[in-house]
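Report on the following structure.
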Amino acid sequence: MSATGVAVRSADASTATVFARAASAEWLRLRTVRTTWWCLLAAAVTIVGIGATAAFDEAQGPAGPGSTLPATLAGEFGVLPGQFALLVLALLAVTQEHATGMIGPTLQWTPRRGVLLAARVAVPVAVATVAGVLLALVTDVAAWFIAPGLTLSLADLADSLGRIAAVLAAGSLLAVGLGLLLRSTAGALATVFLLQLVLPFLLPAFDVAWMRDLGRVLPGSGAIWTLLGEPDMTAVLATTVLAGWSAAALAGGGWSLLRRDAG
Amino acid sequence: MIEVRGLTKQYGTVRAVDDLTFDVRPGKVTGFLGPNGAGKSTTMRMVLGLDRPTAGRALVAGRPFAGLARPLRTAGALLDAQAVNPGRSGRDHLRVAARTNGIPVRRVDEVIDQVGLGPAARRRVRGYSLGMRQRLGIAGALLGDPAVLLFDEPMNGLDLDGVRWIRRLVRELADEGRTVLLSSHLMSEMEQTADHLVIIGRGRLIADASLEEIMRGENAARRVRVRTPSGDDLAGALLRRHLRVHPTGDGDLLVEGASAETVGDVALELGVAVHRLAEEHSSLEQVYLDLTGDSVQYRVLAAPEPAGQVRR
Ligand SMILES: Nc1ncnc2c1ncn2[C@@H]1O[C@H](COP(=O)(O)OP(=O)(O)OP(=O)(O)O)[C@@H](O)[C@H]1O
Ligand SMILES: [Mg+2]
């Protein structure tokens, strides 16, 4: 140990520098736990597997040669279930810190909580979104090879991947926000599954008007509509639902990290 | 330098820290003592910006810790050795820390060597013993070569070798001019390691003085051990002067609250021979127990006699 440490160094860095360091550290954090890789593997298997199977079915089906179905359907079919592996990735990135007590050292290393919040939201959301888009791209191309009846145009691809990115970004923002707010893996995971998967499918099944209406304003319904164009819903409503839930989760999670004790 | 000013923390109905004011000065090991639940960890958490004070403030090197851009360069801390993600290797844990503060990776390997973590650093923390986790935590605290160090019970779970290592390390850090705040329940360790003591109970300050002062203070009841062939006579004379005297097992007398001069004078007056006369100072443990006696919150009830006692 050098004795120079005794002199207090006041090498003050700009907020941008602190953010860059924090974000780079978040990325290193993600890379250095196996959970991340398991989630990515699960996402790859689900998205590519289900997407390719759907495309194969399509090629066998009556709407075979001569139809003009886009290959991008494959990626969308795959992301619908596969998104959950990516949401779990983003959620665990946050809740594991609280579950293990690691949030203590983390806040000692980056005590500017606003900066930490920005990095902690941006990195997992970006990783989940980029990974999902890349996997969807692979799935689309694979589907196109498997089922030559499917069409693949750049315009379709851009449109489809854009919608997938929106769904994954909104979903992982929701997951990260809830993770920061609830701080418990089990609690946040259960909430995300209910909002994103279970209730949007369950509520309309009851055939009760208010349940159907409630179902439509859940984030999962917005995600399903954005991916598949079902159930009946306007683009404005879907966008509002996705953005609204993400913003609310982020506000709650941000409050929790900025205002509460480290816990 | 750590400055704590009127620091207060209320958790619901519990006042964990109550208007605490003290300084931790550079170049010394400051021991932070108090019974379980006294508020030591809470105070350290507030100093490091982990918990928000209900009132008051704390400054580290003259500034609030929570505003620092490269905090590891200013202060390093080990609060809870278990608070690590067990799925990451020790080295990766430190790499993350280094990256947040713009510290080169080279330094990570330096502190790994310094704490003796060695090849274990590349294994996942899941498989670490408590002692290895303590070493990892200390490596993290030293990473930024900081001027201020806080250790919350760093000797917990360490083997004798580890305890001696911490004692030396803490001494060296203070001798290099750093500020060291160290909490522990091991009084004999503190007696050997600390230069200064801050003692709290139920969140309030009980004592803030040098080890020397505390050991010689009014709570540090002095007593004198005297060896004489005329024990009964001397004891009688001392009792007449309202001094408390008890015989020890080996035939000496212990005189409470008296100086060697007093006892020697009494013996001379009486004309009895004195073969040994020694002032004994209480151990830190005794002084500490006297000081904190009223503020112990979690007292152990006297245990009932075990039923099947071995008769001799
Ligand atoms: N997060 C919390 N919520 C509620 N009460 C708390 C919390 N943290 C600490 N306390 C309470 O505050 C008091 C002080 O606790 P603290 O951990 O600071 O004591 P300590 O001096 O470190 O004790 P020990 O020697 O056992 O480590 C205790 O009564 C404890 O129960
Ligand atoms: Mg404690």
Side-chain angles (χ1 to χ4, degrees), chain A residues 1-38 92-93 95-116 119-120 258-263, chain B residues 1 9 11 26-27 45-46 48-52 61-80 82-89 91-93 95-102 110-111 114 124 137 140-148 172-173 176-178:
Chain A
M1 165 155 310
S2 70
T4 54
V6 175
V8 178
R9 277 164 298 201
S10 55
D12 234 350
S14 72
T15 302
T17 312
V18 180
F19 173 77
R21 287 191 191 126
S24 153
E26 289 301 302
W27 168 235
L28 183 58
R29 258 183 236 273
L30 271 178
R31 284 198 296 129
T32 50
V33 288
R34 290 188 194 173
T35 345
T36 306
W37 300 104
W38 286 118
L92 285 179
T95 56
Q96 269 185 342
E97 289 265 308
H98 289 279
T100 59
M102 185 57 207
I103 187 70
T106 295
L107 281 170
Q108 286 167 45
W109 304 340
T110 311
R112 293 188 182 173
R113 295 198 184 191
V115 175
L116 180 68
R120 182 138 286 189
L258 294 177
R259 294 283 147 203
R260 286 164 73 195
D261 288 344
Chain B
M1 176 93 159
K9 181 71 184 181
Y11 289 116
R45 291 173 63 81
M46 287 192 286
L48 294 168
L50 297 181
D51 287 3
R52 181 182 289 265
R63 301 177 54 185
F65 184 82
L68 297 173
R70 301 172 93 184
L72 286 179
R73 303 259 184 197
T74 303
L78 167 60
L79 295 193
D80 178 1
Q82 305 285 11
V84 187
N85 189 328
R88 200 171 279 129
S89 77
R91 187 166 181 276
D92 285 339
H93 172 83
R95 279 172 67 211
V96 172
R99 205 170 268 201
T100 55
N101 277 248
E110 272 174 36
V111 290
Q114 193 184 350
R124 290 196 288 166
L142 298 177
L143 193 62
D145 198 10
V148 177
E172 275 170 26
L173 292 170
E176 285 165 1
R178 298 173 212 262

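Chain letters run A, B, ... following the sequence lines, proteins first, then strands; residues in each count from 1.
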Rounded at 0.5 Å granularity, tell me how far [atom1] in [X] sits from [atom2] in [Y].
X: Leu50(B); Y: Arg113(A); atom1: CG; atom2: CZ; value: 7.0 Å
X: Asp92(B); Y: Arg29(A); atom1: CG; atom2: CZ; value: 11.5 Å
X: Arg112(A); Y: Thr100(B); atom1: CZ; atom2: OG1; value: 12.5 Å
X: Trp109(A); Y: Asn101(B); atom1: CH2; atom2: CG; value: 9.5 Å
X: Arg88(B); Y: Arg31(A); atom1: CZ; atom2: CZ; value: 11.0 Å

Side-chain touch Pro111(A)/Leu48(B), heavy atoms, less than 4.5 angstrom: no
- Item | Validation row: Asn85(B), Glu97(A) side chains within 4.5 angstrom (heavy atoms) |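 Answer no - side chains too far apart.
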With no hydrogens and no angle check, is any side-chain donor or acceptor of Asp261(A) less than 3.5 Å from a backbone partner on Arg52(B)?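 Yes; judged by distance alone, with no hydrogens or angles, the pair exists.
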Please look at [X] and chain A and tell me whether the side chain, the backbone, both or neither of the residue comes under 4.5 angstrom of a heavy atom of that chain.
X: Asp51(B); value: both
X: Arg45(B); value: side chain
X: Glu172(B); value: neither

Looking only at Gly104(A), Pro105(A), Ser24(A), Ala20(A), most heavy-atom pairs under 4.5 Å shared with chain B are made by Ser24(A)
What option among Glu26(A), Gln108(A), Arg260(A), Gln96(A) has the most heavy-atom pairs under 4.5 Å with chain B?
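Greatest number of close heavy-atom pairs with chain B: Gln108(A).
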Interface check, chain A: of Ala98(B), Gly102(B), Ala75(B), Gly27(B), most non-hydrogen pairs under 4.5 Å belong to Gly102(B)
Answer key: most heavy-atom pairs under 4.5 Å with chain A among Ser89(B), Pro71(B), Ala77(B) is Pro71(B)
